[in-house]
Amino acid sequence: MVELGALGLEQGGHILLLRALREAGEGGRVCVSGTHPDLPLQLSVFAREGAHQIESPAPDERKEGAVCALVAGSSLNARQRGAVRAGSARADHRTLHSYADARWGLAARGALVEAGAPSWDFSLNDRDLVWADEAKKLYAQALASQWDPEEAIPWNAPIDHPPFVEDAIVQVMTYLVENENAALLVPARFLGRIHPHFREVVQLLAIQIADEARHVEVFTRRALLRRDALGLSTVGGQRSLQTLFEESDFVLSTLLLSVLGEGSFVDLLWFLHEHAPDPVTGAIAQLTARDESRHVAAGMAHVHAALEARPEDRSRAQRAIEQRHLALQHTSGLNAEVFDALVLLAAGGLSPAAIARGFDAVQRLQSRMREGRQRRLERLGFTADDASILAGLHTRNFM
Amino acid sequence: MKRDRSKLVLGAVAYDAKVVTIWDGFLRWFEERSLPFDYVLYTNYERQVEGLFLGEHHVSWNSPLAWLQAERLAASERRVARAIAMRDTDQDLRSAILVRKDSAVNTIADLRDKRIGVGAWDSPQATILPMLHLAENGLDPERDAKIVHHDVLVGKHGDHIGGERDAVKALLAGTIDAACVLDANVLGFTRDGTVASGALRTLAVTEPFDHCNFTIVDGDDAPAGSIAKFTELLFSQDYSDPAVRPLMDLEGLKAWKPGRVERYAPLARAIDRFRTIEPWLKARTETTA
Ligand SMILES: [Fe+2]
Ligand SMILES: [Fe+2]
């Protein structure tokens, strides 16, 4: 007996009825009592719409207060029949399905998906091309490391360097914004193609994209702190970024963007931190460098897992680096204005001796970047020789 | 021109854009099961009934009022209309006459000289049947009370619930004293927030009646065996089959039932009493004579 008291079906009484009917199972009989004035009318609607039989209570049931009896119809659990589990909720590389089913769609991993659900076209549905066990941990770290530009950066700190230094800063910031735009949009374009079954990967990319949005903001804001206009954007720089954009393979894109590009950027940002002429630039460089280190770690984990799963892809990776080099060999590479600006920042003055010091520092930066790329490629399993050659083929634009 | 007679053609009224989704879905489903099928849409049931008799289609998806129009038009031509199938949810509906919780109206007699909100004038559930209920219980609605129509989409025979919703809103606003709605909407309007729970009270409930059916008329030129195949396929639809469940959800049923016509008796009494379809029927029989 479901005792509804004064509760009507328009106030949620149907929940109690459905629980009782499910418990009784198809063909099971459930008596209902209650005092809501519309209860008989409501019960007949409920029975009709749910395809349950409605019957008069037997005399003894009536004695116990039953208004009517419902006999559970066959459609009660129709949605559960033939439904499939969208994998298991707690999963790692070992327990994940190798392919995420198109019909799991947006369902939570581990949810019961009604049969007949629409098919979703997520082209990145192959675990081996998408998944890295580290994604979960890296996502948590990224969340814990978020910073608010308003609070974290001393925007009102004094800026008292000469105008040529500020010009250099504006040019470098202009270059950084352009590259951050690529770092934001390239993963964003893949994000929409990844099957949400690979939840942790999607989350990690999402927070990474948020990081890049913040980078775009702070670099822009720094550029405009003392100036009204930004610096020069060059054909060579944009060509280089366009080749990144055109890489439609997720793993290769991660290799080019994160392992090689963002990896080089970490060195660049620490260089800026070291030579920052003012506390604002210093704080920005430090905070963004930390974010970029996480992006590099995420990229390393992704490419490492993908190459473990498919060692034969190593040669494709090699080819991708070579092809990008060929595509860019007749472009100017790094914006010359940016190069000179970096020299000036490291020089800190305009005397020939200072310029020589600055030039030397930028050259050391470039070899640090190259060594870093080689080290990472070796960690991904490339031979020292291959890694050395490939590290040298990376775009002169750094990203 | 020679007419294409290779397909069973169904007629339906486009009371909502989803009608296209529904019948496109059925079309595919029937074709996959070797029933060549097509459908035509009408903007109103009167045009659809005419279409059935003119041979524009073979099976009408009819409102209860359209069923009676077809049945009587058939009789005038010495033909026979038959209801071949209906939804489980078309059987044993009732309508309720609602008043505000604190209303002084406690009996049908109390509705004398009051404003009674109904739906579209051609809505069986929101207008015609509740008015019959009042009339058969001692209150001539047209003489003893003021009927306030909420005419949304006339010609659609109340398929669109907008008229009922407007009536209930008017009742809550106090511009009318009672409102007539289908039993399912008594629940539905509370669930969707149109009415606060407990704000309205059910004054009276009509006797049970049936709603839509698939209607055919003898002497049609449907492809041989296609109507039998049509009903056979309908009755085979199983709500636990994911291929057809979305269609059944759209059409609002769990199972198809053989057509039955006894429960159209209240509506037949009502249209006799109120002469609801008389002018329409007269005009049709004059032109076909
Ligand atoms: Fe960044
Ligand atoms: Fe980044």
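A, B, ... follow the sequence lines: proteins, then strands. Residue 1 opens every chain. Keep in mind that what you see is a predicted model, and the values were worked out from it rather than measured.
- Interatomic distance, CG of B:Asp88 versus OG of A:Ser75, reported as 8.0 Å (0.5 Å rounding).
- For chain A, no part of B:Asn185 is nearby; none of its heavy atoms comes within less than 4.5 Å.
- A distance of 6.5 Å separates CZ of B:Arg191 from CG of A:Leu9, quoted to the nearest 0.5 Å.
- Around the CZ atom of B:Arg100, the shell of radius 6.0 Å holds more than 12 heavy atoms that belong to other residues, nucleotides or ligands.
- Interface summary for chain A: among B:Asp238, B:Thr89, B:Val205, B:Asp92, the most heavy-atom pairs under 4.5 angstrom belong to B:Thr89.
- Annotation: maximal heavy-atom pairing with chain A below 4.5 Å, among B:Thr190, B:Val244, B:Leu182, B:Leu93, occurs at B:Leu93.
- Taking a 6.0 Å sphere around CZ of B:Arg28, one finds it holds 12 or fewer heavy atoms contributed by other residues, nucleotides or ligands.
- Under a cut-off of 6.0 angstrom, the local environment of CD in A:Glu23 is sparse, with at most 12 non-hydrogen atoms contributed by other residues, nucleotides or ligands.
- Per-residue counts of heavy-atom pairs under 4.5 Å with chain A were compared for B:Val195, B:Asp90, B:Val186, B:Asp249; the largest is that of B:Asp249.
- A salt bridge links B:Arg245 with A:Glu114: at least one charged nitrogen is closer than 4.0 Å to a carboxylate oxygen.
- A distance of 8.5 Å separates CG in A:Leu41 from OG1 in B:Thr206, rounded to the nearest 0.5 Å.
- Ranked by heavy-atom pairs shorter than 4.5 Å toward chain B, the options A:Gln42, A:His14, A:Arg79 are led by A:Arg79.
- Only the backbone of A:Pro40 has a heavy atom closer than 4.5 Å to any heavy atom of chain B.
- A:Arg19 CZ: 12 or fewer foreign heavy atoms inside a 6.0 Å radius.
- For the set A:Gly50, A:Gly116, A:Ala78, the entry with the most heavy-atom pairs within less than 4.5 Å of chain B is A:Ala78.
- For the atom pair B:Leu187 CG and A:Glu10 CD, the distance stands at 6.5 Å (nearest 0.5 Å).
- Within 6.0 Å of atom CH2 in B:Trp29, more than 12 heavy atoms from other residues, nucleotides or ligands are found, so the atom counts as buried in its surroundings.
- If you measure heavy-atom distances from A:His36 to chain B, you find no contacts under 4.5 Å at all.
- Residues B:Arg94 and A:Ser44 meet the side-chain proximity criterion, which asks for heavy atoms closer than 4.5 Å.
- With hydrogens and angles left out, the side-chain atoms of B:Tyr239 and A:Arg81 include no donor and acceptor closer than 3.5 Å.
- No more than 12 heavy atoms of other residues, nucleotides or ligands lie within 6.0 Å of CD in A:Glu64, so this atom counts as exposed by the packing criterion.
- In B:Glu207, the CD atom is crowded: over 12 heavy atoms of neighbouring residues, nucleotides or ligands sit closer than 6.0 Å.
- Both the backbone and the side chain of B:Ala184 come within less than 4.5 Å of a heavy atom of chain A.
- Between A:Arg48 and B:Asp183 the shortest side-chain heavy-atom distance falls below 4.5 Å.
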